[in-house]
Amino acid sequence: MTKLNPFEVVQKQLDKCAKIIKLDSNVHEILRVPMRELHVSLPIRMDDGSIKVFQGFRVQYNDARGPTKGGIRFHPDETIDTVRALAAWMTWKCALLDLPLGGAKGGVICNPKQMSQGELERLSRAYINQVGQFIGPDKDIPAPDVYTNPQVMAWMMDEYSKIAGKNRFGVVTGKPLGVGGSAGRGDATARGGLHTVREAAKVCGIDLKKATIAVQGYGNAGYYAAYLAKTLFGSKIVAVSDTKGGIFSKGGLDPEAVREHKAKTGSVINFPNTKPISNEKLLELEVDILIPAALENVITGKNAPNIKAKIVAELANGPTTPEADDILYKNGVHVIPDFLCNAGGVTVSYFEMVQNFYMYYWSEKEVHERLKNKITAAYSSVLKASKEYNVNMRQAAYIVAVKRVAEAMKIRGWI
Ligand code: GLU
C-alpha cells in the first residue's frame, strides 16, 4: 500500500466540505494551497566536531483571520507535505475556536532521540536564524509540537530576542513559566480534549466514572490525557502505548507511575503487572473511549471496521484517514475530530500571546475557565452543524471553520 499523503487528505477533506456548503470556487482554489512557505538548510556542528546539514520548513497556510500560528515538529519522517497538511489544519483549528489567528506549521527532519541537548539547542537557534525574518509576535508565532518542548521554545525565543536586540517573549508560545509562558499551557491540549470528551459522553450516554479508555502515544498529550481522565473523571485507563509498544491492565493503570517508569526506562513497556499489547491491537480494544495521541494515519480503512470504542477522541493531528472516517461514521462511532479535540493547546497558546502583549499574567484558574468556555462552545457549534447538515463531526467542523475563513477573505476583498 502506498503511504497516504496527508496534504492530499487535507485537500480531499476541504473538497468535500466545499461541495456541501457550495463554497465560492475562488475561495476554494485559494484555500487548497498554502499562502507561503520557506525551505531552509541548517548546518549544525555536531558534538563529534562534524557538520551535519538538516532540512527545515515553515509553512504559513492562510492569514485571513490574523497572524499565523502553529507548532514546530522535530521528526525523522517529516516532509513538506506533512507540514503543509498540519498548517492547513491549524488554519481550521484557529477558525473553529474563533481565535483571531491564521494557521502555520514548521518542521525539521531530524531525530531528537539521537541528539544531545547541545546539538538540539544549536539546531533550535539555527532554525530561528533562518526563519527569523519570516516570523514575529504579530506575524507568525510558532509553538511546541511532536518532539519539541518548552526548553526548545525558550532557546528559540532567546535567539529571536538576540536578533531583535530586545526581549520578544511573544514570538513563540509554550514557553517555560519563567520566561513568559502561560499557566495551564503544559496540559492544555489534553485538558481541552477532555472537555470535548465530556460533551461527547453526554451525547453518547456514557458515564465517564465507569468508562474505560485506551490511549495511543504517551508524549505530552497522551500522558496528560490519561492522567486527567483518571483524576477529573474517575475513568479507568486500561491501555497506553508509545513507539516501542503498549501495556494493558484490565484493572486500570496509574498514569503517573507509568510516566515515571517511561522517564526511567525510555518506554511504557515492561511496566509491572501489565500485559504487553501492540499499538495495532490497542486501537481495536473493547473500550468506551479511544484516544489516538501520537501521529497521522493510524486508523485506516483496514482497521476501522475493528474499532470497538464508542468515542474516538483525536488528540493527535490526522490520525484517521478519510476512508476510515466513513467506516466509523457508518458504524456509529462518535469521532471528535482532531482540530476540535486537540485545539486546547493553541487556545492556551493564544492566551499566552495575549498575556505577553499585555505584560500581565493570569492565574491557572482563569486559564482553565477560559479554555473550558472556548472549547465547549466550539464543540456545540460542531454538533449543531453536524445535525443541520446531516454530516459527521469532521465535516461539520470543516463547515464551521471554512465558512469563517471564507468570510474573512470576502470582507478583506480578496475575492
Ligand atoms: N502544536 C499544537 C497544535 O497542533 C499547538 C500549536 C500552537 O500552540 O500554536 O495545535
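All ligand and atom numbering here is 1-based and tracks the order in the structure.
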Quick test of your reading of the model: are [X] and [Y] salt-bridged, counting only N-O distances below 4.0 Å?
X	Y	answer
Glu37	Arg84	yes
Glu256	Lys230	no
Asp15	Arg32	yes

Worksheet item: Between the side chains of Glu280 and Asn303, is a donor N or O closer than 3.5 angstrom to an acceptor N or O?
Response: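 Asn303 and Glu280 do not have a side-chain donor-acceptor pair below 3.5 Å.
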
Practice prompt. Go through the side-chain N and O atoms of Tyr398 and Gln13 and say whether any donor and acceptor fall under 3.5 Å apart.
Written response: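 Judged by distance alone, the side chains do pair up.
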
Discussion item. Test your reading of the structure: does Pro144 have an N or O sitting under 3.5 Å from an N or O of ligand 1?
Written reply: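 Yes, Pro144 has an N/O under 3.5 Å of an N/O on ligand 1.
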
State if [X] counts as touching ligand 1 under the rule of any non-hydrogen atom under 4.0 Å.
X	value
Lys105	yes
Gly70	yes
Arg185	yes

Worksheet item: How about Glu199 and Thr376: do any of their side-chain heavy atoms sit closer than 4.5 Å?
Response: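 Side chain of Glu199 against side chain of Thr376, heavy atoms only: contact under 4.5 Å found.
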
Discussion item. I'd like the name of whichever of Asn342, Thr189, Asp145 reaches closest to atom 2 (C) of ligand 1 through any heavy atom.
Written reply: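 Ranked by closest heavy atom to atom 2 (C) of ligand 1, first place is Asp145.
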
Fill in: Lys NZ or Arg CZ of Arg259 over Tyr223 ring: under 6.0 Å, within 45°
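Yes.
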
Pull out every atom of ligand 1 sitting under 4.0 Å from any heavy atom of [X], numbered as shown with elements.
X	result
Val346	7 (C), 8 (O), 9 (O)
Met90	3 (C), 4 (O), 6 (C), 10 (O)
Asn317	4 (O)

Note the single closest protein heavy atom to [atom], along with its residue, its atom name and the distance in Å.
atom	value
atom 3 (C) of ligand 1	Lys93 NZ, 3.3 Å
atom 7 (C) of ligand 1	Ala143 CB, 3.3 Å
atom 8 (O) of ligand 1	Ser349 OG, 2.5 Å
atom 9 (O) of ligand 1	Lys69 NZ, 2.8 Å

Worksheet item: Ignoring hydrogens and geometry, is there a side-chain-to-backbone donor-acceptor pair from Arg185 to Lys175 under 3.5 Å?
Response: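 The answer is no, because no donor-acceptor pair under 3.5 Å joins these two groups.
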
